[in-house]
Structures are given as C-alpha cells and as structure tokens.
There are 2 protein chains.
Amino acid sequence: MRADAQRNINSLLLAAASVFAKAGVDAPIRDIAQKAGVGVGTVYRHFPQRTDLIVAVFRREVDACADAASELAATCLPCDALSRWLMRYVDFIAAKRGLASALHSGDPAFDPLPAYFQARLEPALRALLATAVTAGAVRDGVDAFDLLQAVASLCTPARDGSTDHARRMVDLLVDGLRYGAKPKV
Amino acid sequence: MRADAQRNINSLLLAAASVFAKAGVDAPIRDIAQKAGVGVGTVYRHFPQRTDLIVAVFRREVDACADAASELAATCLPCDALSRWLMRYVDFIAAKRGLASALHSGDPAFDPLPAYFQARLEPALRALLATAVTAGAVRDGVDAFDLLQAVASLCTPARDGSTDHARRMVDLLVDGLRYGAKPKV
DNA sequence: ATACATACGGAACCTTGTTCCGTTTCGCAA
DNA sequence: TTGCGAAACGGAACAAGGTTCCGTATGTAT
C-alpha cells in the first residue's frame with residue numbers, strides 16, 4: 001500500500017471520529033473529507049460505503065479502549081488498573097451514544113460490530129480482573145462480560161453527556177468487587 | 001374542512017400504511033403521493049413533515065387495534081374476545097417492526113407515540129380482562145400493561161414476518177390466565 | 001530517469017425531503 | 001344557477017447528502 005494512502009486513511013479515521021463526536025454519525029461525508037484535508041473521492045476509495053467508515057471508526061475506538069487495558073495493567077496496581085479502565089470504558093460508552101442508535105438502525109452493515117465489541121473488550125477486562133483477583137484485591141467469580149453489560153447499562157440513564165452519575169455507580173460496583181476479596185496473607 | 005381535503009387525507013393514510021408495510025417507513029414520500037393519487041404538495045399541506053405522516057399512520061393503526069377490542073367484546077365470549085384480541089395485537093406488533101426502529105431513532109417527533117400507544121391499548125385490554133374475570137373465565141390480578149409488554153416481547157424474536165412462534169407463546173399465556181380462574185358456580 | 005500502477009480531487013449525478021406558486025376546485029351566497 | 005373568494009391541488013424547482021467517474025497527480029519499482 002502506498003504511503004500516502006496509509007496517511008489518508010489515518011487522517012480520515014481521525015477526522016471522522018472527531019466529526020462524529022461533534023455532529024453524530026449522520027454528519028455529511030463531505031465535512032469529514034474536508035476536515036481530513038482530502039477529497040470525497042478518496043473517502044470512497046477507502047470506504048466504499050458510508051457505513052464502512054463508521055464501522056472502521058468504531059473498531060478503532062474499541063481497539064483503543066481494549067489496548068488501554070494492557071497499558072494500565074503495566075503501570076498501575078491491579079485494582080487501580082481495573083477501576084481506571086472501567087472509567088475509560090464509561091467514557092467510551094458515553095461518547096458512543098449516537099453510535100448505539102446506528103447499531104439498532106437495522107442496517108446489516110453494523111451486524112458484526114457487537115461481536116467485535118465483545119471479542120476485544122471482554123478479554124481485556126477478563127485479564128484485568130484476573131490480575132486483581134490473584135493480587136487478592138477483588139473477589140473471584142465475577143464474569144467479565146456481565147460486568148461490561150452492567151457498566152453499559154449504568155451509562156444509559158445519562159442522556160446528556162454527563163458521566164458523573166455513571167462514574168459514581170461504577171465506583172460502587174468496584175467497591176462491590178473489593179468486598180469479598182481474599183487479601184494475600 | 002373541505003370534502004376533497006378530507007378525502008385526500010384518508011387516501012394518504014391508506015396509501016402510506018400500505019407503502020410503509022411493503023417498503024418500510026423510509027419509503028419516499030413521492031411513492032406514497034403517487035399511490036394516493038395526489039401531488040407531493042398535497043402531502044405536505046396535510047403533513048408538514050415526513051414524520052407527521054408516519055405518526056398519523058401509527059396512531060390510526062393503534063386506534064384500529066384498540067377499537068377491535070370493543071367489537072370483539074360485543075361479538076364473542078369473554079375469553080374468546082381476549083384471546084382473539086391478543087392475536088390481533090400480535091399482528092399489529094409484527095407489522096410494525098420497521099416502526100419500532102423509527103421510535104428509537106432519536107427523532108423527538110416520535111416521543112409522544114409510546115404514551116399514545118399505552119393510552120389507547122391499555123384500557124382496551126383492561127376492559128377485556130375485566131370482562132373475562134367477572135365471567136370467571138380467567139384469573140384475577142393480571143395487569144393489562146404487563147400483558148401488553150409481555151406479548152410485545154414475545155413478538156421480538158420473530159425477525160421475519162412469521163408470527164407463528166409468537167402466537168403459540170401467546171396461546172400459552174392465555175392458558176396461563178385461565179389456569180387460576182374461579183369459574184362461576 | 002522513466003514508466004506505470006495507484007491514489008487523488010472534486011465536479012457531476014441521483015435520490016429524497018421540502019418549498020413555492022400558478023391553477024383548480026369547493027362551498028356558499030346572491 | 002351563477003359568481004366569487006378561500007382553500008386545496010399538483011408538480012416543478014430547490015437543497016442536501018450519498019455515490020460515481022474520470023482526468024490529473026504522485027509514489028514506487030526498475
């Protein structure tokens with residue numbers, strides 16, 4: 001692949017993420033192309049359909065969120081890493097409200113996304129949980145996927161952009177995890 | 001209101017219902033106008049926004065479903081009326097799958113619909129239930145709204161148009177209602 | 001240095017919602 | 001019955017956004 005193509009794909013994903021965040025996933029392609037400093041033809045060369053671009057942005061952000069897990073695991077105490085990552089996940093969910101409605105729009109282009117979502121995020125969280133459990137910081141027996149669903153549910157009440165409520169609830173959840181922990185002797 | 005206007009509104013609602021059923025609620029206005037034998041200008045005279053037409057169609061169909069309750073009550077035995085109406089309701093829900101996604105599209109034009117839905121259908125079902133209860137055909141203590149929700153949930157698995165599964169489940173539900181009945185002595 | 005495949009840009013096209021306005025029709029009153 | 005004004009009609013024209021096309025520019029391999 002030519003270097004300029006690679007560069008443009010990257011600019012497009014960056015620009016699209018920013019425009020989607022500001023104007024929702026219904027934002028005009030032309031706006032995104034302009035923000036990326038690129039012609040619409042280039043957009044369609046790399047993303048034949050509008051939905052392809054949306055899906056690509058989504059996947060990239062899921063990746064970023066999943067990757068944050070290993071970074072946090074490498075730099076924080078187990079329980080800190082877990083709680084920080086969940087906050088990161090809260091931000092991710094909150095930012096993707098517009099995308100959630102796209103998911104339920106019935107367009108089959110979005111069908112594979114939930115599976116990708118789970119495939120990337122569940123192992124990430126599972127690893128954080130496992131580390132925290134072996135460190136004796138949180139209890140055992142909590143399913144990673146359940147936790148992801150629960151946090152996502154906690155985020156839904158916040159119609160506006162505020163994640164304060166969700167963050168408080170997630171804090172509570174993490175305290176709950178700590179509750180039954182078996183501290184290392 | 002002029003007679004021709006009344007006629008056209010009616011044709012439009014009929015045409016829209018038919019087109020929506022065949023092509024979904026995203027069908028072009030022009031198609032509907034043509035099917036109604038009317039110009040687009042006329043559509044916009046009566047329904048200033050596309051969503052207004054969708055909402056009107058929806059309300060009319062909710063009305064039809066609700067009205068069916070009193071008709072059935074007048075012509076059937078209490079328990080028959082109840083079970084037939086629930087089947088009618090299954091058909092209604094199944095036909096409105098496209099509309100369901102419109103409801104969750106975030107467009108505020110659809111916000112008042114769920115309330116209308118409940119306002120028309122819950123009393124209708126409540127009356128059927130009450131009659132069946134006093135006739136000793138079904139048990140007491142079942143909430144009409146709960147039942148509406150339950151039946152709607154039972155319809156969701158059927159992605160395709162088939163309502164067979166939902167109908168079987170609703171039959172089961174009605175049998176459940178009969179189970180604890182106190183037959184008149 | 002050259003050639004050519006690849007990628008780029010953006011004008012043009014198509015579809016679809018919406019507006020506008022000249023024309024037609026209805027319903028009432030003389 | 002006829003005439004008139006308001007109401008309604010039809011559809012061309014506009015706006016906006018997705019998608020296509022193709023002449024031009026650019027990277028890369030020889």
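Just the heavy atoms: all of them, side chains too, but no hydrogens, waters or symmetry mates, feed the values below. First the proteins, then the strands, lettered A, B, ... as listed; each starts at 1. All of these numbers come straight from a predicted model, not from anything done at the bench.
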Fill in: Partners meeting side chain to side chain contact (heavy atoms under 4.5 Å, CB included) with A/L172 (sequence neighbours left out)
A/M169
Discussion item. Please determine whether residues A/V174 and A/L77 belong to a single hydrophobic cluster, defined as Ile, Leu, Val, Met, Phe, Trp and Tyr linked transitively by side-chain heavy-atom distances below 4.5 Å.
Written reply: no
Practice prompt. State yes or no: do B/V142 and B/M87 share one hydrophobic cluster built from I, L, V, M, F, W and Y residues joined by side-chain heavy-atom distances below 4.5 Å, directly or via other members?
Written response: yes
Main-chain N/O of [Y] paired with [X] side-chain donor or acceptor, under 3.5 Å:
X: A/S153; Y: A/Q149; result: yes
X: B/R139; Y: B/G176; result: yes
X: B/W85; Y: B/C65; result: yes

Worksheet item: For DNA chain C, which nucleotides open and close the run of contacts to chain A, 5' to 3', at under 4.0 angstrom from a non-hydrogen atom?
Response: C/dA5 to C/dA12
Worksheet item: Would you call A/D91 and A/R167 a salt bridge, taking side-chain N to carboxylate O under 4.0 Å as the test?
Response: yes
Worksheet, complete the sentence: Contact string for nucleotides 24-30 of chain D, one letter per nucleotide 5' to 3', B = base within protein heavy-atom range under 4.0 Å, S = sugar-phosphate only, - = neither, reads --BSS--
Response to the item:
Closest to the 5' end of DNA chain C, once B/D26 and A/V40 are matched to their nearest nucleotides, is A/V40
Response to the item:
Residues in residues 41-61 of chain B with a heavy atom under 4.0 Å of DNA chain C, by number, are B/Y44, B/Q49, B/R50
Worksheet item: Under 3.5 Å, is there a donor-acceptor pair linking the side chains of A/D52 and A/Y44?
Response: no
Discussion item. How many whole angstroms separate atom CZ of A/R30 from atom C1' of D/dG17?
Written reply: 6 Å
Discussion item. Can you list everything that forms a salt bridge (Lys or Arg N to Asp or Glu O under 4.0 Å) with A/R178? Sequence neighbours excluded, please.
Written reply: A/D175
Discussion item. Applying side chain to side chain donor-acceptor pair (under 3.5 Å), can you list everything that pairs with B/R168, at least two apart in sequence or on another chain?
Written reply: none
